[in-house]
Amino acid sequence: MDPKKTLLSWPVVRQLRSGDFLGRGPAVTSARTRELEPRTSTADKVVQSVCPYCAVGCGQRIFVKDDRVVQIEGDPDSPVSRGRLCPKGSASEQLVNNPGRQRKALYRRPGGADWEPIELSTAVEMIAQRFVESRRRTWQDHDEHGRPLRRTMGIASLGGATLDNEENYLIKKLFTAAGAIQIENQARI
Ligand code: SF4
């Protein structure tokens, strides 16, 4: 018998002494586990948010310490998810703090081998110019029988599941107003 162990440390005795009759609480907690402190209890503040990964929109509680996100948990106040997060949502703290996270817009020139960082405003301007130019170049006003088409087949939209309902609504409005008819979402495909 381990000299450090006594009769009092027998599992059944521990259960009876601690009142943990099912053996799922303090009777089976190791010394190492007892020393651990959850990041949720050492946070400075908690901010409510919504999981960015998919259109379900589960509620999240963001735990912040020293102006840094340290943990993300499900929000029990959310009528959508009632405190639950799927494995992807539970891992979204890694999305925030991952050292590989891109914080700059990247551009690879035609024929270029490397990505170069550019300002976000420059990237948005470049996208807008290409959008307008493609629309102008591929615009179809009438078909061969003179029937009105008023559309472009040169622009398409394929949304991802991280888009929420509001974003999808605005994308559909924008592309339809521009004359695009090929508007899809990954969640529907
Ligand atoms: S990715 Fe998971 S946790 Fe996030 S909104 Fe979708 S179902 Fe909810």
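Scope of the values below: all heavy atoms of this structure, side chains included, with no hydrogens, waters or symmetry mates. Both counts, for ligands and for their atoms, begin at 1 and track the order of listing. Remember, it's a predicted structure, so these values are computed and weren't measured experimentally.
Annotation: cation-pi geometry satisfied between R135 and W139 (NZ/CZ under 6.0 angstrom from ring centroid, within 45° of ring axis).
For atom 2 (Fe) of ligand 1, the closest non-hydrogen atom of the protein is C86 SG, 2.3 Å. The single protein non-hydrogen atom nearest to atom 1 (S) of ligand 1 is Y53 CB, 3.4 Å, given as residue, atom name and distance. Regarding atom 4 (Fe) of ligand 1, its nearest protein heavy-atom neighbour is C51 SG, 2.3 Å.
Side-chain atoms of T176 never come within 3.5 Å of backbone atoms of K173 as a donor-acceptor pair (strictly under, hydrogens ignored).
Counting atoms of ligand 1 from 1 in the listed order, those under 4.0 Å from a heavy atom of L85 are 3 (S).
Among pairs with a residue in residues 12-22, none fulfils side chain to side chain donor-acceptor pair (under 3.5 Å), at least two apart in sequence or across chains.
In this model, no donor atom of one side chain and acceptor atom of the other lie less than 3.5 Å apart for Q182 and E184.
Checking C54 against atom 8 (Fe) of ligand 1, every N/O/S atom stays at or beyond the 2.8 Å cut-off. In summary, no N, O or S atom of C58 is located under 2.8 Å from atom 4 (Fe) of ligand 1.
Ligand 1 has at least one atom lying under 4.0 Å from a heavy atom of G57.
At a threshold of 4.0 Å, the pair R61-D77 counts as salt-bridged, since one of the basic side-chain nitrogens sits closer than that to a carboxylate oxygen.
The residue from P52, S78, S90 that alone fulfils the side-chain contact (heavy atoms from CB on, under 4.5 Å) condition with Q60 is P52.
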